[in-house]
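Keep in mind that what you see is a predicted model, and the values were worked out from it rather than measured. Basis for what follows: all heavy atoms, side chains included, without hydrogens, waters or symmetry-related copies.
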Amino acid sequence: PTLVAIMENANENGDEECVRYCTSALCSLSNDPVNTEEIVKDLHVLRAIAQDSWEGEDTKRSMCTVLANLTFLQASRSTLAQLGAVGSLMNYAKLDDNDTRQRCAMAFCNLSCEAAIRGKMVEDGVVAVLGALSNSYSEENQQDCAKALCNLSCHPGAEMRIVEEGAVGA
């Protein structure tokens, strides 16, 4: 919680350098599965991670990495989605950085494994974002997008919306 408090305070005071260092530290910490299990226990920390109010491309890339790492934990997925992580990932997917786009595809793939949030993901426009992310030379990226689309298509009633958003040629 201390790291997030410092990060939020620095963000409020416009100290982008401090925020960047804090998000980089959080990014490193989230690479360890033991740490991620601790991170997801704190709702305040998750709320800070899921929000999309961070400035600077380096900070956004780091926060995207943290989100992607946390989506590997099934227990965090629904909470992250409720706190706005899907919208944040949709914005991060617009960054002109292949690694960040890959992390977004992976995070969407992981989030789409949760049946309870699939409908909201479709409603929020994730299908179109997956379409844009799949336009890549990375097979891993394309596979994550395909898996996510497959999972989203399992949501009853979402079929037409998925087709309308271009997932399949009509």
Hey, does the side chain of [X] reach the backbone of [Y] with a donor-acceptor pair shorter than 3.5 angstrom?
X: Gln51; Y: Gly84; result: no
X: Asn35; Y: Leu29; result: yes
X: Asp32; Y: Val34; result: yes
X: Thr65; Y: Arg61; result: yes
X: Ser112; Y: Leu152; result: no
X: Thr23; Y: Ser62; result: no
X: Arg101; Y: Ala132; result: yes
X: Arg77; Y: Thr71; result: yes
X: Arg161; Y: Glu123; result: yes

Rounded to the nearest 0.5 Å, how far apart are [atom1] of [X] and [atom2] of [Y]?
X: Asp15; Y: Tyr21; atom1: CG; atom2: OH; answer: 10.0 Å
X: Ser53; Y: Glu8; atom1: OG; atom2: CD; answer: 8.5 Å
X: Leu26; Y: Thr59; atom1: CG; atom2: OG1; answer: 11.0 Å
X: Glu38; Y: Ser30; atom1: CD; atom2: OG; answer: 14.0 Å
X: Cys109; Y: Asn141; atom1: SG; atom2: CG; answer: 10.5 Å
X: Glu16; Y: Arg20; atom1: CD; atom2: CZ; answer: 8.0 Å

Is any side-chain heavy atom of [Y] closer than 4.5 Å to one of [X]?
X: Met106; Y: Asn110; value: yes
X: Ile39; Y: Leu73; value: no
X: Phe108; Y: Val126; value: yes
X: Gln102; Y: Ser138; value: yes
X: Leu95; Y: Lys60; value: yes
X: Thr79; Y: Val40; value: no
X: Leu3; Y: Met7; value: no
X: Cys154; Y: Arg118; value: yes

#### Entry: Co-membership, hydrophobic cluster, residues Ile6 and Val66, 4.5 Å side-chain
no
### Task
Please check if Leu130 and Tyr137 belong to a single hydrophobic cluster, counting links between Ile, Leu, Val, Met, Phe, Trp and Tyr side chain heavy atoms closer than 4.5 Å.
no
#### Entry: Taking every non-hydrogen atom, the tightest pair across Ala105 and Leu133
N-CD1, 3.9 Å
### Query
Closest approach of Ser76 and Leu70, non-hydrogen atoms and distance?
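Closest approach of Ser76 to Leu70, heavy atoms only: OG-O, 2.5 Å.
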### Task
Could you please spell out the steps behind the side-chain contact (heavy atoms from CB on, under 4.5 Å) verdict for Met63 and Leu67?
CA-CA 6 Å; Met63 293 309 281; Leu67 276 174; 5.8 Å; no
### Query
Which residue, Asn98, Asp97, Asp96, forms the side-chain hydrogen bond (donor to acceptor under 3.5 Å, both in side chains) with Thr100?
Asp97
